Amino acid sequence: MNGAMSGIDALYQEAIKDYARADHGHGRLDAASAAVRLDNPLCGDRISLQVSLAAGRIVAIAHETKGCLLCRAAASLLGKRGPGLDATGVTATTAALEAILEQRSPPPTDWPELGMFAPAGGHPSRHKCVLLPFRALAQAIQQADAVSPANQGADHREH
Amino acid sequence: MNGAMSGIDALYQEAIKDYARADHGHGRLDAASAAVRLDNPLCGDRISLQVSLAAGRIVAIAHETKGCLLCRAAASLLGKRGPGLDATGVTATTAALEAILEQRSPPPTDWPELGMFAPAGGHPSRHKCVLLPFRALAQAIQQADAVSPANQGADHREH
Amino acid sequence: MSEASALRAKFPLLVANPGLHYLDSAATAQLHRSALDAVVAHETGARANVLRGSYRLAEAADRAYEAARQSAARFLNAASADEIVFTGGTTAALNLVAQSFGSLIEPGDRVVISQAEHHSNFVPWQMLRERCGVELALIPVLPDGTLDLACLAQVIDGRTRLVAVTQCSNVTGARTDVAAIAAAARKVGAKVLLDGAQAVQHGPQDVQAMGVDFYAFSGHKCFGPGGIGVLWARAELLAAMPPFHGGGGMIGAVTAEGYTWAEPPRRFEAGTPPIAQAVGLGAALDWMMDLDWVPIHAREGAMCEALIDGLRRIPEVRLLGPEPSSARAPIVSFDIAGLHPHDICQVLDAQGLALRGGHHCAQPLLAALGVEACTRASLALYNDEADVAALLAGIVRAIGVLR
Amino acid sequence: MSEASALRAKFPLLVANPGLHYLDSAATAQLHRSALDAVVAHETGARANVLRGSYRLAEAADRAYEAARQSAARFLNAASADEIVFTGGTTAALNLVAQSFGSLIEPGDRVVISQAEHHSNFVPWQMLRERCGVELALIPVLPDGTLDLACLAQVIDGRTRLVAVTQCSNVTGARTDVAAIAAAARKVGAKVLLDGAQAVQHGPQDVQAMGVDFYAFSGHKCFGPGGIGVLWARAELLAAMPPFHGGGGMIGAVTAEGYTWAEPPRRFEAGTPPIAQAVGLGAALDWMMDLDWVPIHAREGAMCEALIDGLRRIPEVRLLGPEPSSARAPIVSFDIAGLHPHDICQVLDAQGLALRGGHHCAQPLLAALGVEACTRASLALYNDEADVAALLAGIVRAIGVLR
Ligand SMILES: Cc1ncc(COP(=O)(O)O)c(C=O)c1O
Ligand SMILES: Cc1ncc(COP(=O)(O)O)c(C=O)c1O
């Protein structure tokens with residue numbers, strides 16, 4: 001079990017916990033260009049995320065995230081580094097994160113912080129946790145871009 | 001396979017085939033005290049049976065039977081030997097037949113013909129075939145006895 | 001070793017019963033060793049519930065279950081594994097469609113089935129008719145049991161929402177002209193459901209090439225475990241369909257007031273699914289996808305033809321179903337006047353021949369063919385000429401015993 | 001060898017994983033060797049379809065399937081094996097009742113469930129409410145997760161037709177006071193359904209003594225295969241209920257015009273059932289019926305108490321569920337403020353502890369308990385004190401890693 005426990009220490013390295021604790025970007029925006037609520041129905045992670053855009057570029061980001069450390073760390077990282085990104089940047093960063101989780105490549109030089117999620121690669125059931133805030137952000141930007149911001153692409157319908 | 005084939009010859013002994021061919025009691029009654037239609041939904045054997053009773057005793061019996069040799073032989077045996085029986089006699093004969101099929105006892109001395117069904121004892125899926133005419137007769141007598149002959153105890157309802 | 005005996009060697013039950021002529025694969029095909037091994041390996045190495053567990057055992061179970069979904073998607077050439085819903089079997093899959101997709105059909109609109117359907121593709125639609133006034137129309141069969149395609153344009157009318165037919169009859173083996181059905185349905189905007197229960201044991205399928213919208217099959221009919229089946233449907237159909245059963249795993253969230261739906265395929269998989277069975281099915285499908293089906297089909301066809309030829313030489317036998325033998329999957333049913341199929345099967349059994357007699361859950365078809373019951377021989381890849389020869393000799397002997 | 005290790009020796013997965021502390025039996029209990037052996041023996045020795053075959057293999061399959069029904073009847077002390085319907089699992093059994101018995105309930109009449117139900121005994125009734133306007137009422141829970149029995153007379157009113165409650169909560173382990181429920185239901189002429197999913201792994205049940213009318217459970221929760229479950233219902237109820245799914249085996253006869261119903265239990269078993277799984281379940285139940293449950297219950301209770309005691313000594317832990325430990329099946333859920341159950345389970349997993357964290361398909365109950373998710377340890381007869389000790393140490397360590 002020792003190998004497993006050192007793997008765990010890597011999975012829950014200080015960087016992850018620091019980001020989760022810091023909860024960068026926590027809160028709500030007064031004037032958002034788009035708002036998205038997403039959850040992982042299978043595990044209960046949930047994020048409400050708002051962005052405000054100018055000329056297609058994120059100028060402010062805020063979120064309220066309930067979930068595991070990995071999900072919260074990912075949301076916090078976006079809260080810190082999200083401003084300044086445009087749609088292309090979000091897509092590229094998400095792709096880079098997916099590549100890291102699938103153990104296909106190291107983090108890009110401009111986003112070294114993504115490397116803290118590399119140990120989650122060995123735990124497929126946790127990939128969704130890490131990716132949830134990124135998926136929410138991608139949806140929010142898409143929504144802000146869309147002519148009609150009505151459809152939030154919610155995961156399921158009320159009944 | 002030789003043992004199995006000699007078992008088969010016993011199962012389909014001449015007595016069975018003779019009774020099935022003879023089809024004693026085939027037909028319908030002009031004035032029946034009761035009529036029952038029964039089938040084995042799982043195998044498709046089917047019997048329409050009528051009895052006419054006097055003082056609780058069968059005076060005439062008629063049936064139309066579709067099914068395997070065992071079922072038809074059993075119906076034919078009842079067509080021949082049924083008249084004269086009362087409710088108690090039918091119950092006793094059916095019980096004797098069940099005992100033979102379950103290989104618990106030899107045929108009663110007053111119904112030696114039941115012995116021809118003994119080889120079916122080793123084939124549980126065929127017991128229902130042999131018993132169907134007996135079950136139909138039992139229901140018919142019950143029906144004739146009942147004050148209201150409406151409920152035929154049919155196996156299923158139309159839809 | 002012949003190809004057939006090499007194949008037989010992979011089926012534990014056939015190995016354990018060398019004298020057995022198993023000719024009832026249309027009812028249940030025997031279990032391939034890889035499927036059995038996969039079930040045992042899963043139960044002894046990765047057994048856990050697949051819903052929401054994050055420990056390693058649960059992750060392994062989840063992975064195995066989803067890999068089986070991938071296998072099923074490849075077996076059917078589905079566009080995505082998300083189009084694969086695991087069910088308890090073909091019957092459950094057909095009931096799912098009748099209930100869920102059926103609830104989207106307006107009273108007075110039409111569902112078309114054929115007279116050749118198995119009860120499992122008959123009764124669910126009769127139940128739908130009772131429930132909500134959908135009209136049920138039948139494509140009639142010709143005297144040889146094939147669908148009367150001349151009627152298609154008339155039966156599949158403008159109000160038709162779904163045409164649900166079998167790919168092969170389980171009684172006559174008759175193959176459905178799927179292209180003709182799909183074209184007639186497309187013309188009026190109706191969807192097509194194919195009951196693949198009798199097709200899957202004869203190789204992988206291509207639902208996209210066939211141009212159908214729903215496809216159902218059972219694991220036990222294609223060398224996999226029982227208690228597992230597959231419903232495939234186009235993603236946009238599944239997305240629009242309401243849940244079938246309620247329970248764990250198919251919801252987004254539940255409160256006292258109501259519940260939300262999970263995305264397909266999970267929306268349709270309420271409760272703990274048959275996990276080990278799905279894994280076993282995946283192994284059976286993987287094995288099938290690795291086979292070269294050209295020689296197998298040739299052999300199946302040759303056996304079927306030899307059987308039909310031999311039966312034709314027995315004067316008492318009346319053959320059911322289409323000619324030539326290439327018009328059918330290797331299933332041959334017949335009637336012998338005056339003899340009941342159960343008696344015939346009993347005498348055949350005593351000679352080591354496992355066949356089924358009766359109405360084969362297709363009473364409307366048998367009524368059209370003018371019989372109440374019949375005896376059926378169905379051939380699979382592990383059968384050989386010796387099985388056919390034994391059957392022909394056995395039938396002659398059965399006539400002798402029973403007459 | 002301790003009793004627990006003697007028992008563990010009968011579970012292949014546990015034997016293969018000696019370092020594993022399996023504490024997720026409430027999700028899926030491990031498979032007993034006798035059940036696995038029975039599945040393998042059936043698939044390799046008696047595999048055939050059970051519907052209508054008369055050859056020896058088919059008779060053997062039929063016999064094995066019906067023997068499993070007898071085992072289930074004895075396990076539940078049912079009046080007759082004809083009261084046993086095989087289903088795909090608890091969820092399928094509950095949907096069967098909600099749909100079939102539910103169709104006999106008039107709009108405006110009431111079905112009562114509790115706030116402690118698993119989604120599988122929640123959503124089917126919400127679906128029934130949507131379908132036909134049945135009123136759905138909830139027995140609330142007290143802060144410890146037990147049912148608020150003081151409300152019974154009010155909630156179970158004169159229009160109540162069915163009270164459907166769990167026998168033990170899958171989150172808190174809280175045992176339902178079945179006698180109180182049955183008495184309240186009897187007073188107004190309502191039927192009682194018991195969801196036994198969490199009870200059956202703790203020994204045979206007596207449905208007649210409990211005075212209930214329906215009982216549902218899953219094979220995979222009581223050391224049997226997945227993909228199989230049981231619905232028991234009183235014969236007169238089954239006799240009055242319409243079919244659930246349509247298909248082969250559940251009919252009397254089918255014509256183009258309509259169909260007739262087979263007698264129970266077959267009326268409710270459309271299609272080829274999960275035969276080998278039923279046989280495996282029968283073997284598991286036979287094994288359970290041979291055990292002496294008095295010492296097992298004592299051991300399960302002692303472990304549960306030790307676990308609760310240990311958890312109470314960890315200041316960060318908030319325990320959910322009733323006290324004393326005898327008020328619950330050996331299931332213990334807890335919350336650690338600021339830590340997410342998935343992270344906790346991940347760290348526990350690294351220490352060989354298999355636990356599940358989340359909402360456990362019981363969101364309404366968790367809402368009542370004031371948590372969104374929790375971590376659950378569930379104990380079965382193969383667990384021992386070492387599992388409890390490892391868990392307590394593991395939790396302390398998890399807090400260290402995650403804080
Ligand atoms: C109390 C309760 N009811 C119902 C179920 C559903 O059982 P299954 O998933 O086997 O259908 C479960 C299992 O998770 C349960 O714990
Ligand atoms: C054509 C056809 N459809 C449906 C079924 C039903 O399959 P299952 O009994 O596996 O649900 C069968 C099998 O008997 C079949 O042959």
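Model, not experiment: these values are computed from the prediction.
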Asker: What's the separation between atom CZ in D:Arg47 and atom CG in C:Asn17, rounded to the nearest 0.5 Å?
Answerer: 13.5 Å
Asker: Look at D:Gly249, D:Gly89, D:Ala29, D:Pro225 and state which one has the largest set of heavy-atom pairs under 4.5 Å with chain C.
Answerer: D:Ala29
Asker: Decide yes or no on side-chain contact (heavy atoms from CB on, under 4.5 Å) for C:Thr272 and D:His220, but give the supporting numbers first.
Answerer: CA-CA 9 Å; C:Thr272 305; D:His220 73 99; 3.3 Å; yes
Asker: Under the side-chain contact (heavy atoms from CB on, under 4.5 Å) criterion, do C:Thr44 and D:Val15 qualify, and how do the steps go?
Answerer: CA-CA 9 Å; C:Thr44 60; D:Val15 170; over 6 Å; no
Asker: Measure the shortest side-chain to side-chain distance between C:Gln99 and D:Gln99 over non-hydrogen atoms and say whether it is less than 4.5 angstrom.
Answerer: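 Of all side-chain heavy-atom pairs linking D:Gln99 with C:Gln99, at least one is under 4.5 Å.
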Asker: Do you know which of C:Gly271, C:Ser120, C:Ser218 has the most heavy-atom pairs with chain D at a distance under 4.5 angstrom?
Answerer: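 Of the candidates given, the most pairs with chain D belong to C:Ser120.
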Asker: Who wins among C:Asp24, C:Ile275, C:Leu138, C:Leu14 for the most heavy-atom pairs under 4.5 Å with chain D?
Answerer: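 Answer, by heavy-atom pair count under 4.5 Å with chain D: C:Asp24.
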Asker: Quick one: which of C:His359, C:Gln346, C:Met250 has the most heavy-atom pairs under 4.5 Å with chain D, could you say?
Answerer: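 Winner by heavy-atom pair count: C:His359.
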Asker: Does any N or O in the side chain of D:Asn49 come within less than 3.5 Å of the main-chain N or O of C:Ala27, such that one atom is a donor and the other an acceptor?
Answerer: yes
Asker: Among D:Ser54, D:Ala256, D:Ala362, which has the most heavy-atom pairs under 4.5 Å with chain C?
Answerer: D:Ala256
Asker: Mind listing the closest non-hydrogen atom pair of C:Gly246 and D:Pro124 along with its distance?
Answerer: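 It is O-CG, 3.5 Å.
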Asker: Using a distance-only test with no angle check, is there a side-chain donor-acceptor pair under 3.5 angstrom linking C:Glu257 and D:Gln126?
Answerer: no
Asker: Out of D:Leu355, D:Leu96, D:Leu136, D:Val40, which one racks up the most heavy-atom pairs below 4.5 Å with chain C?
Answerer: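 With the most close heavy-atom pairs to chain C, the winner is D:Leu355.
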Asker: Return the option, out of C:Val39, C:Asn121, C:Thr91, C:Thr90, with the maximum number of heavy-atom pairs under 4.5 Å with chain D.
Answerer: C:Thr91
Asker: Relative to chain C, which of D:Gly248, D:Ala61, D:Cys361 shows the most heavy atom pairs under 4.5 Å?
Answerer: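 Highest number of pairs under 4.5 Å: D:Gly248.
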Asker: Under 3.5 Å, is there a donor-acceptor pair between the side chain of D:Gln363 and the main chain of C:Val254?
Answerer: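 Looks like yes, one N/O pair under 3.5 Å.
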Asker: Please enumerate all residues that pass ring pair (Phe, Tyr, Trp, His ring centres under 6.0 Å) together with C:Phe223, with sequence neighbours excluded.
Answerer: C:Phe11, C:Trp287, C:Tyr382
Asker: Under 4.5 Å from any heavy atom of chain C, what part of D:Ala58 do you find: side chain, backbone, both or neither?
Answerer: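 For D:Ala58, the contact with chain C is made by the side chain alone.
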Asker: Would you confirm whether D:Asn95, through its side chain, and C:His245, through its main-chain N or O, come within 3.5 Å as a donor-acceptor pair?
Answerer: no
Asker: Please work out whether the ring planes of C:Tyr22 and D:Tyr55 are parallel, tilted or perpendicular, with thresholds of 30° and 60°.
Answerer: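 Judged by the thresholds at 30° and 60°, the geometry between C:Tyr22 and D:Tyr55 is perpendicular.
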Asker: Which answer fits D:Arg129, side chain, backbone, both or neither, if we ask what part of it has an atom under 4.5 Å from a heavy atom of chain C?
Answerer: side chain
Asker: Could you work out, with side-chain hydrogen bond (donor to acceptor under 3.5 Å, both in side chains) as the rule, every residue matching D:His342, not counting sequence neighbours?
Answerer: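 Expected list: none.
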Asker: Heavy-atom distances under 4.5 Å only: say whether C:Ala46 touches chain D with side chain, backbone, both or neither.
Answerer: backbone
Asker: What's the separation between atom CG in C:Leu57 and atom CG in D:Asp349, rounded to the nearest 0.5 Å?
Answerer: 9.0 Å
Asker: Where does C:Gln30 contact chain D at under 4.5 Å (heavy atoms): side chain, backbone, both or neither?
Answerer: both
Asker: Examine whether an atom of D:Leu20 lies under 4.5 Å from a heavy atom of chain C, and if so say whether it belongs to the side chain, the backbone or both; otherwise answer neither.
Answerer: side chain
Asker: Among D:Cys345, D:Ala276, D:Gly358, D:Ala270, which residue has the highest count of heavy-atom pairs closer than 4.5 Å to chain C?
Answerer: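 Highest number of heavy-atom pairs under 4.5 Å: D:Ala270.
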Asker: Is there side-chain contact between D:Met127 and C:Phe244, with heavy atoms separated by less than 4.5 Å?
Answerer: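 No - every pair of side-chain heavy atoms lies 4.5 Å or more apart.
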Asker: Hey, does the side chain of C:Gln277 reach the backbone of D:Gly226 with a donor-acceptor pair shorter than 3.5 angstrom?
Answerer: yes
